[in-house]
Amino acid sequence: MAIIVPMVHQQSSQARLSPSGDTEDIVALLAPRLAHFAGVARTEHVTRAAQEMNVPQSTLSRALVRLEADLGVDLFVRRGRTLALTVAGRTFLGSVERALAEVERAADEVRADADPATGKVAFGFLHTMGAETVPGLLHAFRADHPRVRFSLVQNYGEAMLERLRAGELDLCLTSPVPDAPDLVARRLDEQKLRLVVPADHSLAGRRRIRLAEAADEAFVTLEPGYGLRRITDDLCKEAGFRPRVAFEGEEAETLRGLVAAGLGVALLPPPAVPRPGVVELTVTAPRAAREIGVAWLAGRTDTPPVAAFKKFLLSRRGHLLPS
């Protein structure tokens, strides 16, 4: 014989929520009871719901009493051994079912992202690595992990580090290699920088140049905050001058186009494809290069696909970049 525990609204030991209560407080109180409410609403019977949900009937009954007390609204009317939803209960049930379905969907999604074979890696990298380096890395990695998925983000270094800290990226390739207590970074490779000049420039007939010889030139550079801009400023300072910046941009190939148009010179990494209208000179002094490294958030536990890709990147130390 089914036993229905009377749901008399007794004084709860917890403070009842006021309509102006903080949303976080409401969620903290209600969240554990929503599945219980939905189960009883589905069966309209506490005993049957307790059996289906494999929880003690007394636990279920107390949860419903507290839920109604917290809300200050009757969700059920009692009809003998069964329950029926009130108008407020039906309104609440619709939202609860949608919320529980969304939680289930989110749980399925994060479990899928952590799957060793088919999971997802959120990977950030510099714009200059998008044309050749990163596609080659992904191709090589997927030879052994063909179903791992990637969410790819191209940005400048500081922006990617902020996305690492925000939990939006798992790993990023960046330059300069960061040195921060909340991040772990490993140097992977070095990329030489060249002085790029217009094809009709007086220096275009040279193969090598000391950077000090370009002290009087107008420079086109990336905007402040970009790693390559910082490196450009530092190299020019080491060469004994401050660059006279004519144009600032956000992408290296755009700068190469500005150089081709005769608007200045630039310190840039090698292009994936040779660009007509420019000549790229080897800088002999100071030593012009940038370090490329991989960074991740300290203390974060990797999912299996992230761990596998991190191990792969570290294995490419010294030969990360195309030869």
Side-chain angles (χ1 to χ4, degrees), residues 125-137 154-160 172-178 187-293 318-323:
F125 52 92
L126 301 169
H127 289 285
T128 52
M129 310 192 77
E132 189 174 9
T133 300
V134 168
L137 290 172
Q154 289 178 270
N155 216 322
Y156 65 97
E158 287 301 322
M160 286 193 297
C172 72
L173 288 180
T174 187
S175 178
V177 180
R187 180 186 181 280
L188 296 180
D189 215 335
E190 182 180 87
Q191 187 175 48
K192 291 184 178 180
L193 302 178
R194 299 169 179 171
L195 185 70
V196 184
V197 302
D200 59 357
H201 194 279
S202 59
L203 296 172
R206 304 269 297 274
R207 295 182 60 188
R208 295 177 176 80
I209 188 173
R210 290 179 296 107
L211 190 56
E213 296 178 73
D216 295 330
E217 301 291 337
F219 275 72
V220 295
T221 71
L222 296 179
E223 294 178 349
Y226 283 70
L228 188 56
R229 170 61 179 271
R230 191 190 324 164
I231 293 169
T232 296
D233 289 345
D234 288 347
L235 287 172
C236 291
K237 182 179 180 180
E238 189 175 348
F241 69 97
R242 182 176 180 177
R244 180 167 56 88
V245 176
F247 293 91
E248 295 175 333
E250 297 181 344
E251 202 272 324
E253 287 312 301
T254 299
L255 300 187
R256 212 171 241 105
L258 294 174
V259 173
L263 299 175
V265 302
L267 277 170
L268 295 173
V273 178
R275 174 74 181 250
V278 301
V279 173
E280 311 218 357
L281 308 178
T282 298
V283 179
T284 58
R287 189 170 180 276
R290 65 172 181 172
E291 290 186 338
I292 306 293
H319 53 278
L320 178 81
L321 303 172
S323 56

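One distance of note links CD1 of Ile231 with CD of Glu238; it measures 12.0 Å at 0.5 Å rounding. Between the CE atom in Met129 and the SG atom in Cys172 there is a gap of 11.0 Å [rounded to 0.5 Å]. Asp233 CG to Leu228 CG: the interatomic distance, rounded to the nearest 0.5 Å, is 9.5 Å. Atoms CG and CZ, on Asn155 and Phe125 in that order, are 10.5 Å from each other to the nearest 0.5 Å. Annotation: the span from Glu248 atom CD to Glu223 atom CD amounts to 6.0 Å, rounded to 0.5 Å. Put simply, CG on Leu255 and CG on Leu222 are 5.0 Å apart, with the number rounded to the nearest 0.5 Å.
Between Tyr226 and Leu126 there is no side-chain heavy-atom pair separated by less than 4.5 Å. Side-chain contact between Val283 and Lys192 is absent, with no heavy atoms from C-beta onward closer than 4.5 Å. Pro178 is not listed as a side-chain neighbour of Glu158, based on a closest heavy-atom distance of 4.5 Å or more.
Heavy atoms from other residues, nucleotides or ligands lying under 6.0 Å from CZ of Arg210 number 12 at most.
With Leu268 as reference, Arg256 is the one residue of Glu280, Arg256, Glu253 to meet the side-chain contact (heavy atoms from CB on, under 4.5 Å) rule.
A donor-acceptor contact under 3.5 angstrom links the side chains of Arg229 and Thr221, judged on distance only.
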Report task. Check the pair Leu195, Phe219 against side-chain contact (heavy atoms from CB on, under 4.5 Å), reporting the backbone distance first and the verdict last. Result -> CA-CA 10 Å; Leu195 185 70; Phe219 275 72; 4.2 Å; yes
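For Arg287, the salt bridge (charged side-chain N to carboxylate O under 4.0 Å, His left out) criterion is met by Glu190, not counting sequence neighbours.
Scanning all heavy atoms of the two residues, the minimum distance from Leu263 to Ala218 falls at O-CB, 4.4 Å. Ala266 and Val220 make their closest contact through CB-O, 3.3 Å (heavy atoms, listed as atom of the first residue, atom of the second, distance).
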